[in-house]
Amino acid sequence: MNCLDIGRIYLYLENELSSQEEKSIEIHLADCNRCRRAVEERRFLLEAVSHLPEPDLPEDFSKQVMKALPTARGRALGWLTAASSTLAAGALMWLTVFLLSGDTFSKALIGLNDLLWTQVRSFALIFVKTFKIVSLLLKLCIQFSELLFKGFASLTTILNPEVQVLLAFLTVIVSAGLFLGFKRMIIREEQHDS
Amino acid sequence: MCEDTLLIKRVLSGEKNAFEMIIQKYQRPLFNYISRTVGERELALDFTQEVFIKTYTKLRSFRTEYKFSTWLFKIASNTIIDYWRKRKIDAVSIDQSRETDGSSLPQQIADKEPSLANQFELQELRSCIEEVLEHIPISLRELFVWRHINEFSYEEIAEIKNMPVGTVKNRVFQAKEMIRRRLEEKK
């Protein structure tokens, strides 16, 4: 076997080689002074490197970091600042373009005002339409609940009181069973994740 | 679910104090790495704090199927590299250089190698290594610190730097040989 290259020496010293490769290196080292010296040199270096002193950290470092962490309010303000800056920059850019086109400052302001109101009207329209859809859905839900209630009410005239009590009792049992079943499923999922 | 993932979930559910446990777990290894890559203690403290703050603000983007330590040190590495770039350190010393690509460093043992064991006591050698480490190119120094001070595996380092394991191994060997040669020159 040829003499070892430096990379293999380090891999050998760091136990990164297979046992077969280690064995063949040890056989070579038994007969090669040069490689043996090189291995010992690097072993000495690795031993020195493995116990370098740790630099000092202040005792309350973690507390200092916790104090410096942004708060939820801070983050919200950050977003607000970013949004306001973007709007302001956009308005300024728009004004600059308008003025460069040759119009007077007052015309530019009127133009910006018109643009803003157009946007506000569009958003207001979308908001009103959304509100109408939500009210319609709510009305449908109310009508459906009324129908359901009428249906139950008519059932009570058909069925005698004992059957009604039994049905109510069965409903409670089934609901409790479903609730406990879901709870168990959630607990099992959490245990599986951990 | 590992401890880090549980702590992260607690932080994300609003328990901010759980983050302090993450800080206490990683502050020493992180500071150890940063102080050896920037060289100045006060600056290293600032950077360590900055890395924890960045980690906290980006916590929602962390994917729990990955190792948290890898992600944390990736943020740290990017922070340090930005710092060196802003200082207008020659990009060659940050990125791969001719000296670090393995083409010019010897792969074979020299015929006559001075013996470090004969030149230094172990304790003296350790202080010299600290001095010499500051003069190793940042691209090699970083990997060396992770391997031999933070004791990351080659695979973990490859994941942090998004480079092949073979390249990581070569660069760490180069760092060690560079340190060894500079130590020989010191005596």
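All chains are named by letter (A, B, ...) in the order of the sequence lines, taking the proteins before the strands, and each is independently numbered beginning at 1.
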Inset, instruction - Measure from the ring center of B:Phe152 to the ring center of B:Phe73 and say whether it is less than 6.0 Å. - result: yes
Inset, instruction - With a 4.5 Å cut-off on heavy-atom pairs, point out which of A:Glu40, A:Gln64, A:Glu16, A:Lys63 contacts chain B the most. - result: A:Glu16
Legend entry - B:Lys176 NZ/CZ over B:Phe144 ring centroid, <6.0 Å and within 45° of normal: no
Legend entry - Which portion of B:Ile53 sits near chain A, non-hydrogen atoms under 4.5 angstrom: both
Legend entry - Contacting moiety of A:Glu47, where chain B heavy atoms sit under 4.5 Å: both
Legend entry - Side chain, backbone, both or neither of B:Thr48 within contact of chain A (heavy atoms, under 4.5 Å): both
Inset, instruction - Compare all side-chain heavy atoms of B:Glu3 with those of B:Lys25 and state whether any distance is below 4.5 angstrom. - result: yes
Inset, instruction - Kindly indicate whether the side chain of B:Thr55, heavy atoms from C-beta on, has any atom under 4.5 Å from the side chain of B:Trp71. - result: yes
Legend entry - Criterion side chain to side chain contact (heavy atoms under 4.5 Å, CB included) against B:Lys161, the qualifying member of B:Thr167, B:Val168, B:Leu143: B:Leu143
Legend entry - Side chain / backbone / both / neither for B:Leu45 at chain A, heavy atoms under 4.5 Å: both
Inset, instruction - Select one option (side chain, backbone, both, neither) describing which atoms of B:Arg28 are under 4.5 Å from chain A's heavy atoms. - result: both
Legend entry - Winner by heavy-atom pair count (cut-off under 4.5 Å) against chain A, out of B:His148, B:Gln24, B:Glu50: B:His148
Legend entry - Check ion pair B:Glu134-B:Arg36 (N to O, under 4.0 angstrom): no
